[in-house]
Amino acid sequence: MTRIIVVTSGKGGVGKTTTSAAFASGLAMCGFKTAVIDFDVGLRNLDLIMGCERRVVYDFVNVINKEATLNQGLIKDKHCDSLFVLPASQTRDKDALTEEGVERVIEELKAMAFEYIVCDSPAGIETGALMALRFADEALVVTNPEVSSVRDSDRILGILQAKSKRAQDGRGPVKEHLLLTRYSPKRVNDGEMLSYKDVQEILRIPLIGVIPESEAVLQASNKGTPAVHLQGTNVAEAYLDVVARFLGEERQMRFVDYQKPGLFKRLLGGR
Amino acid sequence: MSLLSLLFGNKPKSAEVAKERLQIILARERTGRSAPDFLPALQKDLVEVILRYVTINPEDIKVALERQDNYDVIDVNIVVPDIPARPVSLHSVVRTP
């Protein structure tokens, strides 16, 4: 049984691609055969975050247009044997993603016994974003604790239930998960940032995790390594928690409480 | 800053302001999204009926759809001018989702 998960947000720059890369890698690290597809046609970036940009020969649109087979389009991840990346194309043709084409690729992935298909949605509510959520069973709604991001997430939640095939076919609603990223416990503590409880209360969907704001994310993207592989960082730990919760494990929220730096740390200028 | 706020009393924290603003705007946007098509027609009919008995401004009738737990609630708010100076509010539970 294949599960299709869309990583979406409405707003840009909140961490969809970072999350797609980390989440798909986390699933693969648990041994699941996983594919991650970049739906951001024209602005492909998942390949860079996954560190496979130099191995892109064929892309998603080539496969849809039957200019390449799916096997030619899929790039095997360098860290995980059971993870494959399908990069977006750099074409400027907005209508390159057809519903029939996307459906065919997803059916082929199912036939190849992929257990999870992660769809990295572009920002906005145009064709790419609609195609990314069209076949989803579950959704990770990536949100920053900031007003415009929360509002856009609410908007995308409405679109999700109205436009997904699953909901339209009467197979039940898309299962929604709230993922808060770029969270700063200190600023929450100071009353300068919405808390995860605030955001959850406003959006009214279950929280699957909180990813703290961290310098490690930039380091990960600099190197083309999904954040989940940066051992010992709180971001990697938080993403692993998200994957575990997604797979049904109960885990306490971590990295959400502010710990005052000790005197020693303050003297040394630590944060 | 902290010394100043100690002296002059605390202003509301910006996160609280953000939460309040979001709750208001999202409540409005959600009703717009899920409002059934009959609401404008219902409002028009209500205006006609009430005009037979009281002279009111058609804009003094507000019909809105709200959610309360598992119910959709049609909230009808009619402001009757002058003699009964307070707003008359009718609530009716119409259907489960």
Side-chain angles (χ1 to χ4, degrees), chain A residues 9-11 14 125 130 141 143-164 167-168 170 172-174 176 178 180 182-205 207 210 213 256-258 260 266, chain B residues 1-44 61-77 89-97:
Chain A
S9 71
K11 192 175 184 302
V14 296
I125 49 176
L130 296 181
V141 180
T143 308
N144 290 167
E146 178 271 329
V147 285
S148 55
S149 175
V150 175
R151 182 198 214 170
D152 289 359
S153 291
D154 191 69
R155 183 108 172 81
I156 210 78
L157 284 168
I159 292 170
L160 200 60
Q161 299 307 352
K163 302 277 184 189
S164 75
Q168 283 182 356
V174 176
E176 301 158 333
L178 173 62
L180 267 183
R182 310 199 64 169
Y183 194 77
S184 167
K186 180 179 188 304
R187 303 198 73 186
V188 172
N189 189 62
D190 292 345
E192 292 173 9
M193 184 181 269
L194 290 164
S195 74
Y196 70 94
K197 287 176 183 151
D198 288 338
V199 180
Q200 203 188 357
E201 192 186 321
I202 294 166
L203 290 178
R204 298 185 287 196
I205 60 170
L207 181 71
V210 178
E213 169 85 72
V256 290
D257 294 319
Y258 175 57
K260 261 195 156 166
R266 268 186 286 168
Chain B
M1 182 61 207
S2 59
L3 186 70
L4 281 179
S5 58
L6 271 178
L7 283 173
F8 296 108
N10 272 329
K11 279 188 187 167
K13 294 279 170 67
S14 67
E16 288 168 32
V17 179
K19 187 179 179 187
E20 219 178 281
R21 290 175 60 215
L22 274 169
Q23 278 170 329
I24 292 167
I25 189 67
L26 292 187
R28 193 199 295 171
E29 287 178 352
R30 281 171 188 155
T31 50
R33 201 182 300 152
S34 61
D37 320 339
F38 63 78
L39 280 190
L42 174 68
Q43 176 154 1
K44 191 169 150 272
I61 294 191
K62 295 249 156 49
V63 182
L65 191 79
E66 279 170 22
R67 280 198 69 84
Q68 277 173 17
D69 302 322
N70 284 324
Y71 297 100
D72 279 341
V73 175
I74 294 185
D75 191 74
V76 182
N77 207 313
S89 196
L90 304 170
H91 285 275
S92 54
V93 176
V94 279
R95 62 187 166 92
T96 51

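Chain A is the first sequence line, chain B the second, and so forth, proteins listed ahead of strands; every chain is numbered from 1.
Of all heavy-atom pairs spanning B:I25 and A:R151, the tightest one is CG1-NH2, 3.5 Å. Heavy atoms only, all atoms of each residue included: A:G191 and B:K13 are closest at O-CB, 3.4 Å. Residue B:K19 comes nearest to A:D198 through the heavy atom pair NZ-OD1, 3.1 Å, listed as atom of the first residue, atom of the second, then distance. Contact between A:L194 and B:A15 at its shortest, heavy atoms only, is CD2-O, 3.5 Å.
To the nearest 0.5 Å, the span separating CG on B:L22 from CG on A:D154 amounts to 9.0 Å.
By the 6.0 Å contact criterion, CD on A:E192 is enclosed, its count of non-hydrogen atoms from other residues, nucleotides or ligands being greater than 12.
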